[in-house]
Amino acid sequence: MSILLKKALKLSILPAVLMVAGKFVGVMALIVAYNLQFEVGNEITGVFSTQIFLSDEASTIFVNSLSDLAMLVVLGVPTLYMIVRTTILQSAKNNPRTIAKMVKFNVLKWVTSNTATFLKIFIWSTFVLIASIITVSNSLNGESYAWVGVVAGVLSLLSIWGLVKTFEIETDRVYPNNREHSYF
Amino acid sequence: MGKFMEPIALGLLALLFIIPSIAVINLEPITKNLKQFTDVLGVTTSSEIIVNLIGGTHEILSGEKVYKNDDGEYIYEAKLTKRESDFYSKPILRLENRTDEDREVAFLGTTLSPTRSDIGLVINDQAYKLQRPSGESESVTVLLRAQSKYDVYLTVESVVGIQFSEDFEIKITVE
């Protein structure tokens with residue numbers, strides 16, 4: 001088995017678990033916090049037939065919207081963190097002004113090493129995209145608030161932009177641009 | 001050995017993306033009139049006609065919802081999306097007569113504009129016409145036997161392709 005495949009499998013487990021956990025914990029936390037009447041049943045046939053039933057339409061939309069948002073936050077925040085960190089590290093390598101700013105804000109230590117590889121960012125971004133597609137589709141079907149769909153859309157665009165940016169950084173590492181000077 | 005493992009690993013990787021997606025879709029809550037357990041022994045003493053949304057996905061039906069309005073009538077709403085000329089059918093509602101006597105339920109289905117489609121219902125293998133292609137609506141009355149459940153199917157037959165979406169509503173009145 002190739003190293004890339006092994007690494008991809010290993011890196012996909014955490015976002016996959018977080019995606020389901022974000023949604024499930026979101027749904028349950030809202031039901032408990034707002035003391036909503038609910039029922040777990042298996043009346044609908046499907047790949048997984050277990051369903052959570054709520055008593056009224058408004059509660060369903062509310063719980064669905066905020067649990068979608070929880071899932072997006074759980075996946076989106078680490079993804080954006082990895083993208084920002086990788087971008088700043090690369091900028092610091094090429095631009096002494098960025099290093100000066102890092103020193104000024106006392107965050108130089110934060111970007112002295114890069115633990116996020118392109119593969120890791122690609123996998124996390126893919127999960128963000130899947131979560132965004134589900135959320136936007138819910139919004140379009142009237143099953144969640146429109147603003148949650150807009151947030152999901154913006155987050156997916158940011159992830160795609162970050163992924164492209166990271167890809168550029170990765171290709172620059174393989175095929176370095178001679179005109180740019182690295183200070184490391 | 002490693003080469004044989006590669007397709008399995010690829011499948012596993014695909015499943016790591018597919019399973020969470022399906023799980024999240026299944027975790028989405030659904031509106032349903034929940035049973036009111038009023039008896040301490042756990043016997044339902046409710047004397048109601050219950051209308052539940054079946055849900056699921058369909059190529060021409062989206063945004064389905066059912067709710068009770070201020071007059072105590074159930075309203076089923078959905079969007080009929082653009083479609084090719086064909087016959088479409090989908091289970092939309094489950095009616096439950098929890099009372100000890102037979103009850104009549106009336107359905108009145110309308111779209112805002114003429115749809116050039118025949119819209120009807122199928123309940124207990126019996127077909128009923130709700131709206132003609134000209135837009136003319138008919139009220140349908142169905143007898144629900146005591147302590148029984150019925151699945152209601154919505155049927156849409158379009159002789160020509162429809163290139164626009166339309167809002168559809170059924171008013172359900174217990175008589």
Side-chain angles (χ1 to χ4, degrees), chain A residues 1-2 5-6 8-9 11-13 15-24 26-28 30-31 36-39 41 43-64 67-68 71 75 123 126-127 130-131 133-135 137-138 140-144, chain B residues 1-37 50-58 61-69 74-79 81 91 93-94 96 149 151 165 167:
Chain A
M1 203 187 336
S2 73
L5 204 51
K6 263 186 197 169
L9 271 171
L11 291 171
S12 303
I13 294 168
V17 170
L18 279 178
M19 187 177 173
V20 181
K23 180 75 185 179
F24 182 73
V27 169
M28 285 305 159
L30 287 163
I31 287 172
L36 300 171
Q37 194 193 358
F38 81 105
E39 206 175 77
E43 290 182 10
I44 295 167
T45 51
V47 182
F48 297 104
S49 57
T50 306
Q51 295 281 351
I52 297 166
F53 297 109
L54 293 174
S55 58
D56 63 281
E57 186 72 26
S59 308
T60 307
I61 293 176
F62 173 72
V63 170
N64 206 17
S67 57
D68 277 350
M71 172 178 71
L75 290 172
I123 287 169
T126 309
F127 275 101
I130 293 171
I133 289 167
I134 293 170
T135 308
S137 134
N138 282 342
L140 291 176
N141 286 331
E143 289 162 7
S144 74
Chain B
M1 183 69 182
K3 274 190 179 177
F4 293 112
M5 287 295 286
E6 214 143 284
I8 298 167
L10 271 171
L12 269 175
L13 187 61
L15 282 177
L16 270 171
F17 285 87
I18 296 164
I19 290 174
S21 310
I22 298 170
V24 163
I25 293 167
N26 271 268
L27 278 170
E28 283 164 10
I30 291 170
T31 309
K32 183 189 168 193
N33 288 301
L34 303 179
K35 290 172 189 168
Q36 301 291 327
F37 293 103
I50 302 297
V51 180
N52 284 327
L53 191 69
I54 290 179
T57 53
H58 191 267
L61 266 179
S62 63
E64 287 181 287
K65 56 183 170 185
V66 69
Y67 60 89
K68 218 171 187 176
N69 68 9
Y74 283 98
I75 306 291
Y76 166 83
E77 283 179 357
K79 194 177 273 294
T81 54
L93 299 168
R94 178 163 294 158
E96 200 178 331
K149 286 180 185 176
D151 283 343
S165 296
D167 292 322

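Proteins get letters first, then strands, A, B, ... in listed order; numbering begins at 1 in each. Note that this is a predicted model, so its numbers are computed, not measured.
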Is the ring centre of A:Phe127 less than 6.0 Å from the ring centre of B:Phe17? yes
Heavy-atom distances under 4.5 Å only: say whether A:Glu57 touches chain B with side chain, backbone, both or neither. both
When B:Ser21, B:Ser62, B:Pro91 are compared by non-hydrogen pairs under 4.5 Å with chain A, the top option: B:Ser21
Greatest number of heavy atom pairs closer than 4.5 Å to chain B - which of A:Asp56, A:Val63, A:Val27: A:Asp56
So for B:Leu10, is it side chain, backbone, both, or neither that comes closer than 4.5 Å to the heavy atoms of chain A? both
Contacting region of A:Leu9 [heavy-atom separation from chain B under 4.5 Å]: both
Distance-only side-chain donor-acceptor flag, B:Ser165 / B:Lys79, under 3.5 Å: no
Hey, is the main chain of B:Ile22 close enough, under 3.5 Å, to the side chain of B:Asn26 for a donor-acceptor pair? yes
Scan side-chain atoms only and decide if B:Lys65 and A:Asn141 contain a donor-acceptor pair under the 3.5 Å cut-off. no
Give a yes or no on whether the backbone of A:Ser2 and the side-chain of B:Glu6 come within a donor-acceptor separation of less than 3.5 Å. yes
